[in-house]
Amino acid sequence: MVKTALITGGAKRLGKSMAEFLAAKGWNVIIHANNSSDEAQQLALDLHTKYPKLKFEAVKFNLSDWKNATAFIDDILKNHSQIDLLINNASKYSPGKLIETNKDLLEEMMAIHYYSPLLLSKQLAVNTKSFSIVNILDSAIVNNKTDHSVYLMAKKSLAEFTKMAAVEWAPNIRVNAIAPGPVLPVEGKSQEVFNNVVKKTPLQTRVDLNSILSTLHFLIENHNVTGQIMFCDSGQHLI
Ligand SMILES: NC(=O)c1ccc[n+]([C@@H]2O[C@H](COP(=O)([O-])OP(=O)(O)OC[C@H]3O[C@@H](n4cnc5c(N)ncnc54)[C@H](OP(=O)(O)O)[C@@H]3O)[C@@H](O)[C@H]2O)c1
């Protein structure tokens, strides 16, 4: 039976690569987007042209609207009897130190990176017998760099959720995570800033998209791994 994956923030960049990768491996893919819903529709069409026997669908939801995250999953489950993989990938890399935090930024960061991923996961957990979750974190979760404090605290929360849910939802649900280092420059930021970040990693190498994809593949296929956070980051978390 063909398996189905739901990828949040799946229309562009890493999310799109994961959608293309899973399609090539024979998965149906539900591509979630918010502002990029046109790109998500186009990706679904392109993948359908390439893999006509598989199913691809674009869905739109603003993860900031976290109180409706369970309803969003309920809508998806009306058309899909089974979701086999949820990738909580969507993210917004908002700058800001703790001292600059206001309630809107706090709520937005927690909604996108913690409340919504938790509620999407939970709603699938109560409606699905067996599936797997992969949370996309950030190698900075082990540090306390303060220029994106609220973003980072929300990602740290998602890392803790990965471990707690792995225990609570076993044996039928596995919950793992990938913590990437520098893969792609932040949208709107220069290549030079990105290159400087790469140069400071122990391996002094940009993280290859294929490295992220092979890590994803390992986490999906290895049925004895749960609660694992895989740092795919050229060693960035060590410094
Ligand atoms: N890029 C890197 O080098 C790097 C490094 C470390 C960690 N990561 C992590 O890897 C993952 C993918 O990275 P990326 O750079 O490809 O991510 P990204 O481009 O920053 O964001 C991915 C998607 O998240 C969606 N998103 C943001 N706010 C949303 C909201 N309120 N509601 C719904 N969707 C929302 C956006 O979808 P729409 O465009 O549809 O709104 C966006 O396309 C992220 O979790 C990121 O934190 C990436």
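Each ligand, and each atom within it, is numbered from 1 in the order the structure gives.
Counting atoms of ligand 1 from 1 in the listed order, those under 4.0 Å from a heavy atom of Pro182 are 3 (O). Atoms of ligand 1 found under 4.0 Å from any heavy atom of Ile136, numbered from 1 in the order shown, are 9 (C), 10 (O), 11 (C), 45 (O). Close contacts between ligand 1 and Ile112 involve ligand atoms 28 (N), 31 (N) [criterion: under 4.0 Å to a heavy atom]. Less than 4.0 angstrom separates some heavy atom of Val183 from each of these atoms of ligand 1: 2 (C), 3 (O). The Ser64 neighbourhood of ligand 1 comprises atoms 31 (N), with distances under 4.0 Å to a heavy atom of that residue.
By the 3.5 Å distance cut-off applied to N or O atoms, Leu184 is counted among the residues near ligand 1. Between Lys92 and ligand 1, no N or O atom pair is found at a separation short of 3.5 Å. On a distance-only criterion, Asn35 and ligand 1 share at least one N/O pair closer than 3.5 Å. In terms of N/O distances under 3.5 Å, ligand 1 is not approached by Pro180. At a 3.5 angstrom cut-off on N or O pairs, His32 does not count as close to ligand 1. No N or O atom of Ala33 sits closer than 3.5 Å to an N or O atom of ligand 1. Between Leu63 and ligand 1, an N or O atom pair is found at a separation short of 3.5 Å. Considering backbone and side-chain atoms alike, Asp138 places every N or O at 3.5 Å or more from each N or O of ligand 1.
With respect to atom 40 (O) of ligand 1, the closest heavy atom belonging to the protein is Asn34 N, 2.7 Å. Looking from atom 39 (O) of ligand 1 to the surrounding protein, the closest heavy atom is Ser36 OG, 2.4 Å. The shortest contact between atom 7 (C) of ligand 1 and any protein heavy atom is with Leu137 O, 3.4 Å. Closest protein heavy atom to atom 31 (N) of ligand 1: Asn62 OD1, 2.9 Å. In terms of protein heavy atoms, atom 14 (P) of ligand 1 is closest to Arg13 NE, 3.8 Å. Shortest contact from atom 25 (C) of ligand 1 to any protein heavy atom: Ala90 CB, 3.7 Å. Shortest contact from atom 4 (C) of ligand 1 to any protein heavy atom: Gly181 O, 3.9 Å. Closest to atom 24 (O) of ligand 1, if we only count protein heavy atoms, is Ser91 N, 3.1 Å.
Remark: Glu39 does not engage Lys16 in a salt bridge, criterion side-chain N to carboxylate O under 4.0 Å.
No donor-acceptor pair closer than 3.5 Å links the side chain of Lys163 to the backbone N or O of Gly227. For the pair Lys50 (side chain) and Ala24 (backbone), a donor-acceptor distance under 3.5 Å is absent. For Ser149 (side chain) and Lys97 (main-chain N/O), no donor-acceptor pair under 3.5 Å exists by modelled atom type. Arg206 places no side-chain N or O within donor-acceptor distance of the main-chain N or O of Asn195, the cut-off being under 3.5 Å.
Across all non-hydrogen atoms, the minimal contact from Lys155 to Ile136 is NZ-O, 2.8 Å.
Aromatic ring orientation, Phe61 versus Phe72: parallel (interplanar angle below 30°, classes split at 30° and 60°). By the 30° and 60° cut-offs, the orientation of the rings of Tyr115 relative to Trp66 is tilted.
Not close to ligand 1: Ala179, with no non-hydrogen atom less than 4.0 angstrom away. Heavy-atom separations between Lys155 and ligand 1 include at least one value shorter than 4.0 Å. Phe194 does not count as a contact of ligand 1, since none of its heavy atoms falls under 4.0 Å from the ligand. The shell of residues lying under 4.0 angstrom from ligand 1, judged by heavy atoms, excludes Thr8. The closest approach between a heavy atom of Glu39 and any atom of ligand 1 is not below 4.0 Å. The closest approach between Tyr151 and ligand 1 falls below 4.0 Å for a heavy atom of the residue. Residue contacts with ligand 1 do not include Ala11, since none of its heavy atoms lies under 4.0 Å from the ligand.
To the nearest 0.5 Å, atom CD1 of residue Ile73 and atom CG of residue Leu120 are 4.5 Å apart. Between atom OG of residue Ser157 and atom NE2 of residue His113 there is a gap of 11.0 Å, rounded to the nearest 0.5 Å.
For Met230, the CE atom is densely surrounded, since the number of other residues' heavy atoms within 6.0 Å is greater than 12. Within 6.0 Å of the CD1 atom in Ile239, the count of heavy atoms belonging to other residues, nucleotides or ligands exceeds 12. The environment of NZ in Lys60 is crowded: more than 12 heavy-atom neighbours from other residues, nucleotides or ligands sit within 6.0 Å.
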Determine, stepwise, if the pair Tyr114 / Phe161 fulfils ring pair (Phe, Tyr, Trp, His ring centres under 6.0 Å). CA-CA 8 Å; Tyr114 183 47; Phe161 163 70; 7.1 Å; no
Should Asn143 and His237 be marked as a side-chain contact (heavy atoms from CB on, under 4.5 Å) after you check the CA-CA gap, both sets of side-chain angles, and the distance that decides it? CA-CA 7 Å; Asn143 296 317; His237 69 288; 5.5 Å; no
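Under the 4.0 angstrom criterion, atom 33 (C) of ligand 1 counts as having a protein heavy-atom contact.
Evaluated by nearest non-hydrogen atom to atom 12 (C) of ligand 1, the leading choice among Ile7, Asn88, Asn89 is Asn89. When the options Val207, Ile178, Ile87, Leu14 are ranked by their closest heavy atom to atom 13 (O) of ligand 1, first place goes to Leu14.
Ile133 and Ile212 fall into different hydrophobic clusters, where Ile, Leu, Val, Met, Phe, Trp and Tyr residues are linked whenever their side-chain heavy atoms come under 4.5 Å apart, directly or through other members.
Between Phe21 and Leu209, the closest side-chain pair of non-hydrogen atoms is not below 4.5 Å.
There is no side-chain donor-acceptor pair under 3.5 Å between Asn35 and Lys12.
When heavy-atom distances to ligand 1 are checked against a 4.0 Å cut-off, Phe61 comes that close only through its backbone atoms N, CA, C and O.
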